[in-house]
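Everything numeric here is computed off the predicted structure, so don't read it as measured data. To find a chain, count down the sequence lines: A is the first, B the second, and so on, and within it residues start at 1.
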There are 2 protein chains.
Amino acid sequence: MSEIMSFFRSYFARNNLRLTRPRVLILEWITQRRDHFTAEDLVRWAILNRVGISRATIYRTLSLLTKYKLIARRDFSSTHSHYELIFNNKDHEHMICLECDRIYEFQNDEIERLLLREAQRRRFQSHFHNIKIYGLCHDCQNKREVDFSN
Amino acid sequence: MSEIMSFFRSYFARNNLRLTRPRVLILEWITQRRDHFTAEDLVRWAILNRVGISRATIYRTLSLLTKYKLIARRDFSSTHSHYELIFNNKDHEHMICLECDRIYEFQNDEIERLLLREAQRRRFQSHFHNIKIYGLCHDCQNKREVDFSN
DNA sequence: ATAATTGCAAACTGTTTGCACATCC
DNA sequence: GGATGTGCAAACAGTTTGCAATTAT
């Protein structure tokens, strides 16, 4: 068993959560993917591979993992949520390509510091924050048509 | 007619959009409110005041205004969109109180500069960005219980 | 006049839930 | 054994859409 799976096992035990077959399979999928994904990505995988995990369980597991901070929910799109593994993955921000939907991560201590200071200035107690830059990634910068037709 | 309404009028004419009764009423409501609002806020107002504007028209008008950059859509929540008037309202970021849902605005040139530089460093062409700080506003810092029950 | 806009109701999408059955500790 | 977790199907919330009727220019 991989290092990360045994971490999950003890983490689950410690929190009185059962490591059921669906949960193991979902965790394995997530850790192998190591990327941003949606609930529907998981559902698709479950159906295609006849894994025998229902949509309900997928959503419930994602909530659970989010609550226990094993994954994080990200609101990149207004129509559906994205998730990503947190384990060993330090805090970072995102650039989202409007063309290919790829997501790039970055981290900048100076910006973090300035943000905290900005919150303090207004006596706002920051719990978490996020920064998103939308635009075109290097690959997509030359192959785009603007559609203002609708 | 207020300055802003005549601006809208010429803007609509210039873009071959019809300034219909529903659109006028919605624009008036938005400009008087001058705040962040949801589609449902608008629907509730329309129903309560028997304004005679359908939910469909509200959603369609919000899309239109967003497309023409008279309002901006903000993704504060994963379940529904917020909007805000753009007119005369310079670019800014948000702090969102997890307790009372109030939204505070801030602006920081230094952070903007650093963000742009960060994008350039990755040859990412930034079209727009947003920063959200979630936490407790000053008013709410002392009246909160943590609920970890579910 | 006529092209754009509206209201209605039905459809759609992502997500949540109640309940009977199954499973993990 | 008994609490916990699952699958199913139905419910839900926010939003979008087709179409016939209405309205702005």
Asker: Assuming nearest nucleotide by heavy-atom distance, tell me which of R73(B) and P22(A) is located more 5' along DNA chain D.
Answerer: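 The 5'-side residue here is P22(A).
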Asker: Mapping A56(B) and N16(B) onto DNA chain C by nearest heavy atom, which one lands closer to the 5' end?
Answerer: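 Mapping each residue to its closest nucleotide by heavy atoms, the 5'-most match is N16(B).
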Asker: Does a side-chain N or O of Y59(B) approach OP1 or OP2 of dT16(D) to a distance below 4.0 Å, or not?
Answerer: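 Indeed not, no polar side-chain atom of Y59(B) lies that close.
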Asker: Think T79(B) has a side-chain N or O under 4.0 angstrom from the OP1 or OP2 of dT15(C)?
Answerer: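 False: T79(B) side-chain N/O out of range (4.0 Å or more) of dT15(C) OP1/OP2.
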Asker: For F76(B) and H94(B), take the angle between the two ring planes, folded into 0 to 90°, and tell me which bin it lands in: parallel under 30, tilted 30 to 60, perpendicular over 60.
Answerer: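 It falls in the perpendicular class, over 60°.
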Asker: Going by the angle between their ring planes, with limits at 30° and 60°, are H36(B) and H92(B) parallel, tilted or perpendicular?
Answerer: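 The arrangement is perpendicular - the two ring planes meet at more than 60°.
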Asker: Using only heavy-atom distances, decide whether a donor-acceptor pair under 3.5 angstrom links the side-chain of R60(A) to the base of dG7(D).
Answerer: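 Yes, the side chain and the base share a sub-3.5 Å donor-acceptor pair.
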Asker: Please give, in whole Å, the distance from dT15(C) C1' to I58(A) CD1?
Answerer: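 I58(A) atom CD1 is separated from dT15(C) atom C1' by 12 Å.
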Asker: Reckon S81(B) touches a base, only the sugar-phosphate, or nothing at all at heavy-atom distances under 4.0 Å?
Answerer: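 If one applies the 4.0 Å heavy-atom cut-off, S81(B) turns out to touch the sugar-phosphate alone, with no base involved.
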Asker: Write down the distance between CG (L27(B)) and P (dT5(C)), rounded to a whole number of angstrom.
Answerer: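 Between P of dT5(C) and CG of L27(B): 13 Å.
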Asker: In whole Å, what is the span from the CG atom of D41(A) to the P atom of dG14(C)?
Answerer: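 Interatomic distance, CG of D41(A) to P of dG14(C): 11 Å.
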Asker: In whole angstroms, how far is the P atom of dT5(C) from the CG atom of L62(B)?
Answerer: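 Answer to the nearest Å: 15 Å.
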Asker: Taking atom types as they are modelled, would you say the side chain of R18(B) forms a donor-acceptor pair with the base of dA3(C) within the 3.5 Å cutoff?
Answerer: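 Answer is yes: a donor-acceptor pair is held.
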Asker: Is any NZ, NE, NH1 or NH2 atom of the basic residue among E93(A) and R74(A) found under 4.0 Å from an Asp or Glu carboxylate oxygen of the other?
Answerer: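 No.
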Asker: Report which part of the nucleic acid R21(A) touches: base, sugar-phosphate, or nothing (heavy-atom distance under 4.0 Å, all strands).
Answerer: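 Result for R21(A) = sugar-phosphate.
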Asker: For dT6(C), does OP1 or OP2 lie under 4.0 Å from any side-chain N or O of R23(B)?
Answerer: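 Checking dT6(C) against R23(B), a side-chain N or O does come within under 4.0 Å of OP1 or OP2.
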Asker: May I ask you to verify if any side-chain N or O of T57(A) is less than 4.0 angstrom from the OP1 or OP2 atom of dG7(D)?
Answerer: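 Answer is yes, contact under 4.0 Å.
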Asker: Return the orientation label for the H80(B) and H82(B) ring planes: parallel under 30°, perpendicular over 60°, tilted otherwise.
Answerer: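 Aromatic pair H80(B)/H82(B) classed tilted.
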Asker: Going by distance alone, is a donor N or O of one side chain under 3.5 Å from an acceptor N or O of the other, for H129(B) and E118(B)?
Answerer: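 No, E118(B) and H129(B) have no side-chain donor paired with an acceptor closer than 3.5 Å.
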Asker: Could you give the CZ-to-C1' distance, from R9(A) to dC24(C), as a whole number of Å?
Answerer: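 My rounded result for the distance is 11 Å.
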Asker: Specify the separation, in whole Å, of atom CZ of R44(B) and atom C1' of dA13(D).
Answerer: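 In whole Å, dA13(D) C1' and R44(B) CZ are 13 Å from each other.
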Asker: To the nearest Å, how far apart are L19(B) CG and dT5(C) P?
Answerer: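 Roughly 10 Å, once rounded to whole Å.
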Asker: For L65(A) and dG5(D), give me the distance from atom CG to atom C1', rounded to whole Å.
Answerer: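 In whole Å, dG5(D) C1' lies 13 Å from L65(A) CG.
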